[in-house]
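By convention in this document, chain letters (A, B, ...) are assigned in the order of the sequence lines, proteins followed by strands, and residues within each chain are numbered from 1. In this text, all values refer to a predicted model and were calculated from it rather than measured experimentally.
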Amino acid sequence: MESQPMYLPEDVILKVENLDVKFYTYAGVVHAVSNVSFYVKEGETVALVGETGCGKSVTTRAVTRLIESPGRIEGGSALFRRRSGKVVDLLKIGDEELREIRGNEIAYVFQDPTSSLDPLYTIGYHIHETIVAHKSKISKKQTFKQAVSLLKQVLIPSPEIRVKNYPHELSGGMRQRSVIAIGLSNNPRLFIADEPTTNLDVTVQAQILDLLKSLQENYKMGLILITHNLGIVAEVANRVYVMYAGKIVEEGYLEQIFYNPSHPYTKLLLRAVPDPTKKIEKLESIHGTVPSLINPPPGCRFQPRCPFAMEKCLIKEPPLIEVENQHRSACWLLERT
Amino acid sequence: METIFRLLRSIIWSYAKLREKISPGWIQKNSSRIKEWELMAYAYSRSLIGVIGGVIVLAVFILAVIGPLLAWEPYWEYKIVYDESLRYRGPCLPPSCTGYPLLGTDEWGRDIIAMSLYGFRISFVISIVVVLLGAPLGIILGLIAGYKGGVVDEIIMRITDIFLAFPGLVLAIAFASVLPQRIRGFLEVNNIARAFFSGLFGLRQEEYGQLAALLSIWIAMVIVWWPGYARIVRGSVLSVREMPFVEAAKLSGLSTWSILFKHILPNVLSPVLVMMTFDIATATLFAASLSFLGLGPQEPVPELGFMISKAGGYFPERSSHVVIYLGFILLMMALGWNLLGDALRDILDPRTRRAIEYRLEKEKKK
Amino acid sequence: MGLASFIARRILTFIPTLIGVLLITYLIAYAIPADPVRAWVGEKLMNPETLEQIKTKYKFNAPWYEQFMFLIQQLLTGQLEDPVRHRNVFTELTSRFAVTVELAIVGFMFLVIIGLPLGIIAAIKKDSPVDFAVRVLALLGSSLPSFVLYYFLILVLFVHTRTTYLAGIPMPSGKCISDLAALPQSVPVLGNVASAIGSVPMFGAMMCGEWSVVADTFKRLYLPGLALGLLNGGFIARIVRNSLLDSLSAEFILYAKARGLRKLSVWKHALRNAMVPVVTVLGLNFGGLLSGAIIAETVFNIPGLGRYMYDAIMRLNFPVIIACTFLIAVIYIVVNLVVDILYAVIDPRIRY
Amino acid sequence: MSSNEILKVLDLKKHFRVRGSLTKKVKAVDGVTFSIEVGETLGVVGESGCGKTTLGRLVLRLIEPTSGRIIFDNKDVTKAKGRDLREYWRNAQMVFQDPHTSLDPRMTIASILLEPIRYYNLKVGDEEEFLVKQMELVGLGREHLYRYPHELSGGQKQRVAILRAIITKPKFVVLDEPTSSLDVSVQAQILELLKDLQRKFNLAYMFISHDISVVKYMSRRMAVMYLGKIVELGASDDVFEKPYHPYSKFLLAAVPIPDPKIARSKTKVLIKGEPPSPINPPAGCRFHPRCPYAIEICRKQEPPLLEIENKHYAACWLYHKK
């Protein structure tokens, strides 16, 4: 059965709509991601921001169905424009087609490069494997040559030697660069970086971010950056999605989010982070903790911690309300009555 | 399952109420601990393997305690003296034949069911005591080696290595063949020890020669038993001692010994407990193997391994019923502990904890 | 590069272990309050002259440490003599050990054949009836008294079907044996190795192409081998299962999927990573088999190392006891070393 | 020594032996000198492997120093033993990075908190009432007292760990990355709590962190560490606004600023490579292989920590004899 050709605006690579992911654990059903929609354009950096357990990693993993049992994608669509120009729904295509896209057209960098790399194989072998999985006729010699040039691109010194190194022989920063090189091995159209610098030192973090930015410019790929660090967002993102408890609470261009935040959570979060360039008397802290996603609070999920909560917030979940052009926020305070 | 949970819970709560009576406020202060116990009881009651194991162990325990009192035939009477046809008489099961003995006799014409009742006690006592003596020895040495490190660690681990380089059975054979004469001499003159040990094993006091053989198996096994514990405990201590809570305890003013016993030991105990449970099974079989090789007590002591080895000489023509029945008993004794250990490993596994916790909550709500 | 120095260092740390093992053995044997010489000679041949002769030969009148040094010296120079059989201990030990090696290999084969596939299937079909069956097999295997299982296999496979026999050990032909013994003269180093390997009858027969002897050996030993496999196979399967499940849930497996690798490549990563703990357990099991399965050797009437040592203890045969313990301790050391080296082969993180 | 100083550390060193080698040494902390005044916070920043965590433990004698002196409250505690060491620990405490591992999982909160009280024989009257009062200090209540650590959230656990540290009424607390395993919103709560307690009890803090923004917010003075040495030390504002040492410059430039305009306008100065291993560090100035301003002397001689401006020190030859 041939499905209807799906529509995607020209410059959009990925458009996710109403994504729903649940984890069926013993402890009950965790509604990890509910009703999340976002899109990524060519050559654009989109940041997903939020605290631990807000569902940002799950969202991106769900896009290529990397959710393992007991997790399940319950609904939504993820339209993706393939290199050939064909638009497919990643959540519906067959396993083999999905495999062809993974690691080839969509590349990942997971949070911890140490545990993403198989300790028993060299960096070169990882790249070789990734290329061979998507190109049938290529010799080992060729792939290793390619591996060397990829490592050179991610600025690893003496790549001819490093290509034969095992992961444990590299420093944390080099490992992260290698993982980025693996991601680039098939010229992906979309690059998903999940907390790519969390375990790294600040100076190395700056190097990696710089590298990601320049690579993105060279390759013209879409970049989804997942992070909890607002400083990183400020440095590299074009557009920002703020997530809280499995939902997107605010979205917009970088300046809109930073200079005109409209959701109380975003506002408080921005004031909870010490900015070293400013004199701060007191940090704003958000009292309480992130709610359980098994029994999320009724109405707005931020309501139990929100200093502006009204009666309505307890009853009804707020939809995303337009604040200004492309800037939307899920808060009842913005409702024009 | 439900009844077992309720039973365990009522035991927990009656203990808690007792403590509450002694020192008021105990229940409130220990509510989390009681919750923890309940959680264990729940997890255990939901484990089919564990419940079966527990029932078997309990049955073996009861039989071991009352067995020698229950046995209707004294083991020291050789029936074949009166009736030669009683030697290796086959089982006599009700429909086809009625009467005595139900499952047949051994080479001396004794009822094997009655003999096995003595056997329970002997095997049970040996296995429990070996593990209860061997494990603490190994645990203490492992704790010291792991926590102190350096030269102390090196020396303790070299000694451990020496004992591990010996195959356990061989070392035990060596001990079992060396010790009996000395112990026998000791028991001959020491009446109190004789009375104590004969009571413990459910044997007659006259059997001190055989008691000496049993005790030497015992000592031999304790000596080969501790190195495994020393090693596993040392390994765990090495990782626990790096935990910040150990440093925090130092800063809280605790001495090295207090830290070892209050913080480190409780945190390395789970794998050791599991290992001990499995080891009681291994020790049961190990002791039986030694007797099987003729290194344990001799006639007339009805030790299970020894009786099987005797019957083995007539196997399979005349004695298969003895091998089957006594083999089955040994199997059950070991299986009970092994099942229990397997369940215990699951219960103590922190990875499954959350799930158990939640299911208990749900159960309670119902 | 570091491997040689690692092995050297390990062997150095094992020397005290070895000395400790020998010393303890000797002290235990020495502590026996009986007259070993009487046990060696037997009541019939007893006359004061022979007794005195043996006593002087083995330095029984000297202090214990001199006796010990004497035994060790004899052991290390290969002159130790079995005072009961009046043969060089090593000649006897070699033939006994060769039999044990055969049994260990057959047993190990069954162990691997039963353990590995069952473990992998149990991991793939986690929480299924197969998984449960493996668990039960592991529990039964470790709960069943080995000798009872041996009797039963004899009952089924020997008494009823006669597919095996319980006496003798098949040997290659005399010509084959003398050919192998002559090898070191024709080819210097390699010949020595080949000759040593050929001293295990099964291998000797293979080298001479006497396949019927190999088949006979297998027919003779498959029963105890199967028994050993059944007793420990379930346990091995559980280890395989657990470590495979661990490696399957590792992050790099998910990452391999994210890279779009084919199923086969993903499994390659999972299986190789699961091997490390399995190699340890298999190695230690093989070491245990090499040290002699005394009970199996007793029940199946196999003249192996375990049986030899058992007899020696029973007759207070010090020289043989010392030699056997020495061999067993060396096996322990070598097995541990080989396991460590295998680690390094599998896992590049471990380098010496 | 000015009477206002609670802690003074002189030329403190810790060299670890590398396993399996007789000659190789990790110079985790290699000649560190600083002091902390009563009631003030000294921030210590640096990247992984710079020795900041080792320094914290050395100061508290949880690790034995190789050489150097530690003077606490005018008493030399470098070699203190038994009773003296306990007395030191009663007055100098520590909060660890990860509250999940710094609280014994097998003890209830009450028994964890009672340990210092019992082992230091503190007179508190009714234990339970005392504990409840103390719990209120850190924003927890009686209902948390008899729980196990796993029943609390990360932030609550860290509150308990902080309370354990201050329950003996110490004068000085080492805070070893106390918020790096917590979420941003919880981090702010804990930082405010720490500031609050400092004011209440006039505590001196040594605040160790890799997060420069947090250190700057928390501390009046800060020290920058590189490969076991302090390379720059001064008032936090001064160090941040006008770093002297080239390494500090790179480090501070790399800090992401949560403000897009500043973040994008700031000049990019990226340092090359990653910190080398502290095993056999380079001779001379340890930073010279990566330093773009390195001169001849840097390769040969180690620069001393010099006062360049009012109480602002840097260890760099570039500022020597100016």
Side-chain angles (χ1 to χ4, degrees), chain A residues 57 60-61 63-69 71 95-123 125-136 164-170 175 179 182-186 188 191-192 194, chain C residues 1-3 6 120 122-128 130-131 240-280 282 339-352:
Chain A
S57 294
T60 49
R61 287 187 187 192
V63 167
T64 51
R65 310 210 309 244
L66 283 169
I67 301 289
E68 306 257 283
S69 164
D95 284 349
E96 182 56 25
E97 191 176 0
L98 182 68
R99 188 191 70 74
E100 281 168 18
I101 293 173
R102 283 176 180 174
N104 181 11
E105 298 181 33
I106 300 179
Y108 277 94
V109 169
F110 286 171
Q111 175 169 358
D112 180 5
T114 312
S115 55
S116 337
L117 293 169
D118 186 335
L120 309 186
Y121 292 92
T122 60
I123 299 303
Y125 186 84
H126 277 89
I127 297 180
H128 158 79
E129 226 182 9
T130 316
I131 296 174
V132 166
H134 301 288
K135 279 193 197 82
S136 45
K164 287 180 212 125
N165 276 168
Y166 288 94
H168 73 277
E169 294 167 312
L170 304 176
R175 256 176 250 161
V179 173
I182 295 169
L184 294 174
S185 44
N186 293 308
F191 203 91
I192 301 176
D194 186 350
Chain C
M1 46 162 193
L3 192 61
F6 165 75
I120 293 172
I124 295 172
K125 307 229 172 231
K126 194 188 159 211
D127 296 329
S128 72
V130 185
D131 190 17
V240 172
R241 169 198 183 266
N242 290 342
S243 76
L244 188 56
L245 282 178
D246 275 351
S247 87
L248 276 174
S249 67
E251 180 96 342
F252 58 77
I253 294 294
L254 191 68
Y255 185 59
K257 288 178 190 162
R259 285 186 285 146
L261 299 193
R262 294 192 172 84
K263 265 214 170 95
L264 213 63
S265 317
V266 176
W267 271 97
K268 189 172 143 191
H269 285 282
L271 278 174
R272 192 163 164 204
N273 273 279
M275 279 313 288
V276 174
V278 175
V279 161
T280 321
L282 280 180
V339 166
D340 280 341
I341 293 169
L342 280 179
Y343 267 8
V345 172
I346 298 173
D347 190 341
R349 277 168 297 182
I350 300 162
R351 283 279 176 268
Y352 308 104

Residue by residue, which of residues 105-114 of chain A have a heavy atom closer than 4.5 Å to a heavy atom belonging to chain C? A:I106, A:Y108, A:F110
Considering residues at least two apart in sequence or located in another chain, which fulfil the ring-ring contact (aromatic ring centres under 6.0 Å, His included) criterion with C:H269? A:Y121
Distance check, rounded to the nearest 0.5 Å: C:D347 atom CG versus A:H168 atom NE2? 8.0 Å
Let me know if A:T64 has heavy atoms under 4.5 Å from chain C in its side chain, its backbone, both or neither. neither
Okay, A:R61 and chain C: the region with an atom under 4.5 Å from a heavy atom over there is side chain
Region of A:E169 that comes under 4.5 Å of a non-hydrogen atom in chain C: neither
Flag if over 12 foreign heavy atoms under 6.0 Å of NZ, A:K135: yes
Against chain A, residues from residues 250-257 of chain C with at least one heavy atom under 4.5 Å, in numeric order, are C:E251, C:F252, C:L254, C:Y255, C:K257
Any idea which of A:P119, A:S116, A:A133 has the most non-hydrogen atom pairs under 4.5 angstrom with chain C? A:S116
Output the option from A:V132, A:V179, A:T122 having the highest count of non-hydrogen pairs under 4.5 Å with chain C. A:V179
Give me the contact list for residues 258-268 of chain C versus chain A, heavy atoms only, anything under 4.5 Å, ordered by residue number. C:A258, C:R259, C:G260, C:L261, C:R262, C:S265, C:K268
